[in-house]
Every structure is written in structure tokens, then in C-alpha cells.
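For reference, the structure discussed in these notes is given below.
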Amino acid sequence: MDTAAIDAQVRTLVAERLRLADAALDGPLDPDASLPELGIDSTGVMSLVVGVEERFDIEVPDGDITTANFGTLRGITGYVERMLVRR
Amino acid sequence: MTDTPGTLPGLLAATVERQGARPALISGDRRLAWDDVAADVGRRAAGLAARDVGPGDGVALVLPNDVEFVTTFLAAGHLGAVAVPLNPLFTVAELGRHLAGTGARGIVTTGALRPALAAWAAEAPDAPAGLWVADVADLPSGGVTPPPAATADGPALHAFSSGSTGTPKGILRTQAQLVAEADQFYDTVKLAEDDVILSVVALFHAHGLGNCLLAALRSGAAMVLVDQFRRDAVLGAIEHERVSVFPSVPFIGHTLGETRRAERADTRSLRLCFTAGAPLARATYDLFGARFGVPLRQLYGCSEAGSVTINLDGDADALAGSVGRPMKGIDLVVAGEDAAAPLAAGETGEIAFASPAAATGYVGGEPDAGRPSFAGGWYRTGDLGHLDAAGNLYVTGRSTLFISTSGYKVDPVEVEEVISGHPAVAEVVVVGARGPLGDEVVKAVVVCGPDAGDPGGLRRELVARCGGRLAAHKVPRIVEFRDELPRSPLGKILRKYLV
């Protein structure tokens, strides 16, 4: 799976799990926008993590749930890419 | 020390006498037996007494779920002082707003939080005069343990109810009321000394304080303390400590139910899992049950009285939507407009109960003197519900959320049900917004699903949908779209931010 495909799937997850539909943001979600600043709290991040595990068939250990990995769209896409390579 | 019945030190002494060497608190690598807890509580009480804390004085606890919360809470109880547990994730301003009016003499907190709190205490005009702020690790812990100064009728806990009005209401509960809550849970749930309670829900909140801390103190069960919900930490604790009792909130139950690797953990020790704080969706119940082989049950409680009902029914699947029957010692009715006449089974009204664990009023009096919550030994919860023929309670809404508009009362839940039936709607909350004539206007705050499309078009569809199904005065005049709904740490929707 290439970066663009992962990005598209993560965007779908963000829309489904966090209900951050593109329309509500007046345009596509900026890949570097901080999710906490968009009002996503730790329960929202956890919901996203569970969705990422299911969608990409990977396991996200507690220790990987960091701001670097799950604080932005770009962070999530990069994390998923690394996990898929490792698998 | 056993000559203090009806008090927290009396409860601790009885448990220590019965089983002092058995495990009490487990937090990571730290393991304390009940004997160790009693010794720690004694030292901590000496430390607080050295800071001039005595009977009736407030001590704020701004602490995570850890050993120090438990021992500081019990040390305050030992001295007959009033514990004021507060959320360590609050901003300093929020903490200050809660502390004003509690008469707290000091704050016990962590090294990380102390500097900001100390700065607030020194500078804020509304900070109580002479308020000290101590890092729990620095509290003097030497000296002779003072004798217990608790009395059954003395205040022991200053809690807060978020209520529906937006202003936190202070609630004072006595030592005897907390002991009564511990007894009710113990007698109803039949906890035993070999039970192990996973304590991941916040101890500063009624759910954790009652169903973890007081439950362990009364039964001698062990508490496994986990400060934040992390799946591996929780699953590891269940497996390694053989957790048998797991109080949670629906969000935790749902997330664990969705976590596939949970199947690799040995969770066969779980015997009683229950949620509180928000309604439990059937989907969450099903997910959790399929994953863990134990039904996820519902408990109903409030800050005014602790736990009130729990669903322990043998037919968990059929009754999954019920919060169960009252704890032993609690009289519960569903009341109509005339509170003196309980409604029959199946009829919806306001849930009211009488309990020796309940507070008897709010600090500073009733917010609505014309319709007091506390009267004649009963507490009117403001929650709507009904009982089935067997006495199982179903909570269906909050009467105090009724919107007054056009001379009518509108039940927001009814409007929410119509709107949430639209396929593009993920979540909806209906509130009363201030109208131009001082009355309220029905307002729907909508979180859209992924394929909602154009908001303008959806707004028109939703209004049309309500118009076709509801009386005109119930149709929302304002439809606002949001990305998510503001929620409390327990998942309760904070309606005050939506009006």
C-alpha cells in the first residue's frame, strides 16, 4: 500500500471515528493540523487507534500512542507505513 | 480503634483487624497489605495534623489514581476532616472555581502540579486565605499518629454534582453516609476479601470512590490502581493480578470490546463488570460480552448518594438496558407530578429515592427553592425512568432538561430520537437556547456521519423530518453542526456548552 492509499484510508477513519468530516472543516483536513487543537481528546485518539488496528490489521501497543504518531494526519500515515513495512 | 462505628477509621480498623496481612493496594510494583495502609494512613494523618488540619477542615486532593489518593483520603477521614477530591486534569482556574466555598485549608497534590497550584493560591483573589499547597511526597510523615477524631455525623466528603445547570453544586456527605454506601454495595454485590477490584475509573469521582475505594475498604478486597485507561495496562493488570471486579464507563467497555488482542489475555478471573456515568449502548454490551465472556452490566448512581442501583440479574442479555434494582437499604420510586404517589410499573416519571447514604442537601441551599431536590428524606434525581414489573429500573432521560417553549414542555430526548433516525446523523443533542422573549427555543446540535453531504440541505431535511413527526413546538428552530459533542471525563455530554 503506498502513502497516498494509506492517507486516503486514514482520512476515512478520521471522518468515521472522529466525525471530522471534511465539510465541517471548510475543506480537506490539513495533514499537519494538530488533532488535539481540533478538539480531539484522549478518548478520540483511542477510538482512532482502535480503528487503525482494524483497518490495517496491525497492533498498536500503548507505548506507541504518542503525539508524534497520533497527533496529526501525517503522523498517523507515517506510523501506519512503518508498521506495515515491519510486518 | 474499633470504637468508632459508622466512620471511615472504624471501617479501616475492622478490615485491618480481620485481615491485616492480605493485599490491599497494588500499583505497578508497589504492593501494600491492609496493615501497611493503616500505617501509611497514620503517618499521613500526623502530617496533616502538623499542618493544622482538624475536624471539619477541608483538604483538597488533586491526585491521580494511586496509593497516595487512598491514604490521603483515609487520613483526612481519620482526622474528621473533609476530603475535597478534584480532577487533576482540571485547569488551575477550574480547580479554583471548585475550591472557592469549600473552606479548604490546603491542597495535597503531586510534584508536577504543585508549582502551578501554589502560584494560583498565592495570587488568585478568590483563593482561600492561608491555603497551603503540598506535594504529597513532601508532607511531613513522622510524629505520633493522632487518635481518630472522626464522628459518624461529621462531614467527610465535599463532592460536586455537574448537574444540568452548568454551575457545580457542592454536596457534603458525612462519615456515616459514606459507611452506609460501603455497606449497601457490600451487602448487594457480595464482595469478598479475595476479590480484586480494577481501579481505573477516577477515584475523585463518585464511581471510583464508591465502587473501588469504599468497596475495597468495606470488604477487604484488593484494589489494583491504574491511573489512565491504556489497553495493555488494563489487560495486563486483569491477567497478572487476577482481577475479578471491573468498574468502568461505556467508552472503556467499548474500546476493550473492539480490541482484538484482548483475546490473548487471560481474563477468566473477571466475574463482575459494570459501567456507570452514561447509558450503555446495546452494541457495547454485545461487543464486550463477545470478547470477554462476561456480561457488561449497568450501575446507576450520583454524586449526591453514591451508587443507587445495579443490574445483577441472572438474565443479563434480556435486561441489558436496565440499571437494575436498588441496592439493599434504598427505597426507590418513580414519581409523577405528585411526588407522594409513586407511578405504576411501565409508567415514566422522575426517579426518586431515600437512602442512608444520601446527602441531605446542597451546600448553600437548593438552586431551585420552589422545587427542592431534597425533601422529606427523599432525593429527587431529575432523571426520568420507569420500572418493570419485576422492579428493574430503566433510565430514559432527565426531567430537568425539559425545554420550556411556547408554554409547553419539550422533552429533548423525544426530539433527539427523531433526528437521530436520519441516516446522515451520527449524534444529536437537543437543548433549550435562550429565545428572544426570555423563553427557550429548541436547538439541535448535530454531529454528522461521514456521508452527510451539504449541511444546508441536511438542515432542511432534519427540520422537515421533525415537522412530519412532532408537534410544531417541538421542531428545532436552530440546527447547529459540530465536529463532536463536549463531554465530561465520564463521557457525559456537557449540555451547558451547547445552549
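Every chain is numbered from 1 and lettered A, B, ... according to where its sequence line falls, protein lines coming before strand lines. Note that this is a predicted model, so its numbers are computed, not measured.
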Electrostatic pair Arg231(B):Glu53(A) at N-O distance under 4.0 angstrom: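 Salt bridge: yes.
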Once you round to the nearest 0.5 Å, how far does CD of Gln228(B) lie from CE of Met46(A)?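 Those atoms lie 9.0 Å apart.
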Nearest heavy-atom neighbours spanning Arg261(B) and Val60(A):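 In this case the closest contact between Arg261(B) and Val60(A) is NH2-O, 2.8 Å.
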Sort [X] into side chain, backbone, both or neither according to what part of it lies under 4.5 angstrom from a heavy atom of chain A.
X	result
Phe251(B)	side chain
Arg230(B)	both
Ala233(B)	both

Is the backbone of Asp62(A) close enough, under 3.5 Å, to the side chain of Asp232(B) for a donor and an acceptor to pair up by distance?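 Yes, the answer is positive, given that a donor and an acceptor are paired below the 3.5 Å cut-off.
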Using a 4.5 Å cut-off on heavy atoms from C-beta on, say whether the side chain of Asp57(A) contacts that of Arg260(B). yes
